[in-house]
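Sequence lines set the chain letters: A, B, ... in the order given, protein chains first and strands last, and positions in each chain run from 1.
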Protein chains: 2
Amino acid sequence: MTPEQFRQHGHEVVDWIADYWARVESLPVRSTVAPGDVRAALPDAPPERGEPFADVLGDLDRVVVPGLTHWQHPGFFGYFPANTSGPSVLGDLVSAGLGVQGMSWVTSPAATELEQHVMDWFAELLGLPASFRSTGTGGGVVQDSSSGANLVALLAALHRASGGATVRRGVEPERATVYVSRETHSSMEKAVRIAGLGSDAVRIVEVDGALAMDPAALAARMERDVARGYTPVLVCATVGTTSTTAMDPLAAIGPICQKHGAWLHVDAAYAGVSAVVPELRALQDGVEWADSYTTDAHKWLLTGFDATLFWVADRAALTGALSILPEYLRNAATDAGTVVDYRDWQVPLGRRFRALKLWFVLRWYGAEGLRAHIRTSVALAQELAGWAEADERFDVLSPHPLSLVCLTPRWPAGVDADVATMTLLERLNDGGEVFLTHTTVGGRAVLRIAVGAPATTRAHVERVWTLLREGHDWLAADFATQAAEQAAARQAERDRIAAEARQAVQPADDESAQEPAPAE
Amino acid sequence: MTPEQFRQHGHEVVDWIADYWARVESLPVRSTVAPGDVRAALPDAPPERGEPFADVLGDLDRVVVPGLTHWQHPGFFGYFPANTSGPSVLGDLVSAGLGVQGMSWVTSPAATELEQHVMDWFAELLGLPASFRSTGTGGGVVQDSSSGANLVALLAALHRASGGATVRRGVEPERATVYVSRETHSSMEKAVRIAGLGSDAVRIVEVDGALAMDPAALAARMERDVARGYTPVLVCATVGTTSTTAMDPLAAIGPICQKHGAWLHVDAAYAGVSAVVPELRALQDGVEWADSYTTDAHKWLLTGFDATLFWVADRAALTGALSILPEYLRNAATDAGTVVDYRDWQVPLGRRFRALKLWFVLRWYGAEGLRAHIRTSVALAQELAGWAEADERFDVLSPHPLSLVCLTPRWPAGVDADVATMTLLERLNDGGEVFLTHTTVGGRAVLRIAVGAPATTRAHVERVWTLLREGHDWLAADFATQAAEQAAARQAERDRIAAEARQAVQPADDESAQEPAPAE
């Protein structure tokens, strides 16, 4: 494709996206295809000859769009939001067009230096400790996901606990322990398995009534493990759990980690970016205890996936765990130690120029634009929570400090509440106007309404609230009707049995039964 | 940014990229900035207020472009090529604009099904075994890099060797062994370290004169390890090593792996995609023995980073190693087992819709377009190798079956050959017209010329050949001048010493020395 053909088709694709954003609200949020539908619409064999670009764009509408769940839809309240925005898409577009590699400083210095700079900017914007800045012993790096960040944090922690060993870890896998709560994201256990510790290295610390990790329980568990000869390697504290945005108390957890030499990793995948708003920073009091910290600009900060912001206080532990230098990557700048080579901060070798989209987003919106986006989402969620708290048909899980609201519908006695709640969820999602997901709290199904898609306005939040109430009423009425029908059916059955029983005490060969009763 | 603002600025960015591609040849290939230059050109503080888009594009030219090494430059012959192309960039642009998550089938069915379909297409196009197709026990998936693929292959192999254990691996880390050659990519050792086996689990098998793994040496090493109680977990065979594109003999290695139950992973990161050309498939004879296989569409197949094509013959081993299912991700399709959830095929949870760019590339170029690109690169490289082989100033490393040519310049006697070769490399790279990298073979510095950037034509290959010869002659002349000057200096020194010696045998107080010799 020549530059001039790219110019023409590029304009077509830009227009396609602008049109998609303008019309996305008219599409059902959740895809309606069944397994296999998309593949069935594609030819069996790969194309032998090139095709006109218009055919590809046509198939995008015909085959792909119906198979999408539209995460940028203003009615998307599922999981956590997966923000993107115009400047993010355009920063990514520049990155794709340049097609440079950022694995080492020397392979494209701007890719590394812009990333260092933007990560320092974000550390400042989020009020993170000075230890995370590139000017000290630490630094920031863009990771592919907080799952990936959780893994590299664990590898850095193991490296530190091993005293820097790489040939064989200095800490035996059978002796290493990692502390989470049952609300910690599953990627931490996945990381423990990948790192070869096995799932039983995971210690699940009790949570309090707000589903936050209990520091006293953590301390007791660590004391017991140390007494038995285990090595506490890492504690994963979560700022804003995936299930309910519970907040593990960093200020209480930090000193416990320090006492035992355990690495404190803070997984703030969703909630961390909220700290651009000063009045929300108290949620992560004690963050200065963290050895590493991860938050996703690609969830709630107007930046497209992937853009995980990850910091460490001691970058030497991270690069010690991950660096390896074959001859073909050697160069004067690396040998002189004057530059950062980000390949040693992550699992893969290759790297895209992801700092560009962060830079575009920061410059288009400015810090004040990012704050406005977070504040708007939080305000809408708080409004929704207020409506639900005032409504006797719903219980609201508390606290709900950010933009996630967890609701449990109340159902008439005798109704299986979890079945009813999941039926309500399916009914709303089938409707196509909104999309919600669920979790369980205390063994009960709970609806999650995550506000934060960039296109979501107050009207959309009002609409999901209306749909929730209407759905609840319709289902409750349905259940009442069902219950009445079932009661009637049960009564009919009882009547039939009673009639049969009356017949049974009057045997068929009893002639009197065959005769009409005498008229009174 | 509204859809209409996006339309306007999107057209600007598309134009910027089209212009960049049109002018990239006029830029020095390698960035000329010094460490810190890019950061110094950026403001210390993040922007408080949003800025006009034109300012960002202006800074792209002012700050970023000078800090880039231009991988899409037609004079880029370094490392391996990092292809991108118009349709790839546009597929990625659509993916960014849609902003959907492909972590589970249900989160956007088309993202999963298009990926399955495209991976089956590529398995067909590359002539890979039927066991890799999604219709059987195996399947393909797009990974972030071949480094990442090497890691998940190892995790799958460990899972299989452990008999499916996850709580604690069934194979003890101290007993697990992994087989590579010294030409194997360093990411395999990195994977071994990440997986907690420690570097000394790595067995480095001898190579033959062509730098290919010696199967007899592999067999002997495995026998010895088994006899000592080790468990051979994985053999990493490389099709096209990073250093010199050496080819490990799969047909001979396969049966050895099978005998010991070791997983055969084929790392064909660079060379694998060449199999779209039927006449090059013999290079990977025996690929049907592979348990897993990785090749990068983002190196040499007109697709932007990242687009690693990875297949396994037994997908259950892979998902067994990597799957974990928290409540918030549960859904009917997953519970019914009727769909693939790609989150269980990789380290991170989140996934971009990377199949789109592969689909765009395949449809724009068709299979015949991809074949033409590979054949052109190979033909150009073979022509260059022919020129160099006929020139007494260079030794050419043999074999060179694909598009990488490794050259060792010959230098006059008495010259430090490695210093001279690296000086030649720097001279060429400083010139800005071309960019090369180096490796070492047998302890000697070797220049690598990797052909394959989409814009590279015969004229560019001719030019690098001219520059190599001119550079060699200039340096050789420089060395000759230096040598002559040094010889003259040495002679002058010898003359001086001789004169002093003559003086020494004629003491200063010997009057005869003070007097002129009598005229003859």
Top contributor to chain A interface from B:Ala22, B:Ala34, B:Pro43, B:Pro326 [non-hydrogen pairs under 4.5 Å]: B:Pro43
Tell me, for B:Ser147 versus chain A, whether the close heavy atoms (under 4.5 Å) come from the side chain, the backbone, both or neither. side chain
Qualifying residue for ring pair (Phe, Tyr, Trp, His ring centres under 6.0 Å) with A:Phe6, from B:Tyr20, B:Trp16, B:Trp21: B:Trp21
Check whether any side-chain heavy atom of B:Val347 lies under 4.5 Å from a side-chain heavy atom of A:Lys190, and answer yes or no. no
Contact between B:Thr69 and A:Val106 at the side-chain level, heavy atoms closer than 4.5 Å - yes or no? no
Just list the side-chain donor-acceptor pairs under 3.5 Å for residues 85-95 of chain A, sequence neighbours left out, or say none.
from	atom 1	to	atom 2	distance (Å)
A:Ser85	OG	A:Ser88	N	3.4
A:Ser85	OG	A:Leu302	O	2.6
A:Ser88	OG	A:Gly304	N	2.7
A:Ser95	OG	A:Phe353	O	3.3

Please determine, among A:His70, A:Arg330, A:Arg351, A:Gln143, the option with the most heavy-atom pairs under 4.5 Å with chain B. A:Arg351
Pick one: which of A:Arg448, A:His185, A:His438 meets side-chain hydrogen bond (donor to acceptor under 3.5 Å, both in side chains) with B:Tyr328? A:His185
Ring pair (Phe, Tyr, Trp, His ring centres under 6.0 Å) partners of B:His9, counting only residues at least two apart: A:Trp364, B:Phe53
Top contributor to chain B contacts, counting heavy-atom pairs under 4.5 Å, from A:Thr242, A:Val340, A:Leu329: A:Thr242
Would you name the heavy atoms of A:Gly97 and B:Gln72 that are closest together and state the gap between them? O-CG, 4.4 Å
Please report the closest heavy-atom contact between B:Trp359 and A:Leu60, naming both atoms and the distance. CH2-N, 4.1 Å
Cationic N near anionic O, under 4.0 Å, B:Glu113 to A:Arg39: no
The interface call for B:Thr112 against chain A, heavy-atom contacts under 4.5 Å, is neither
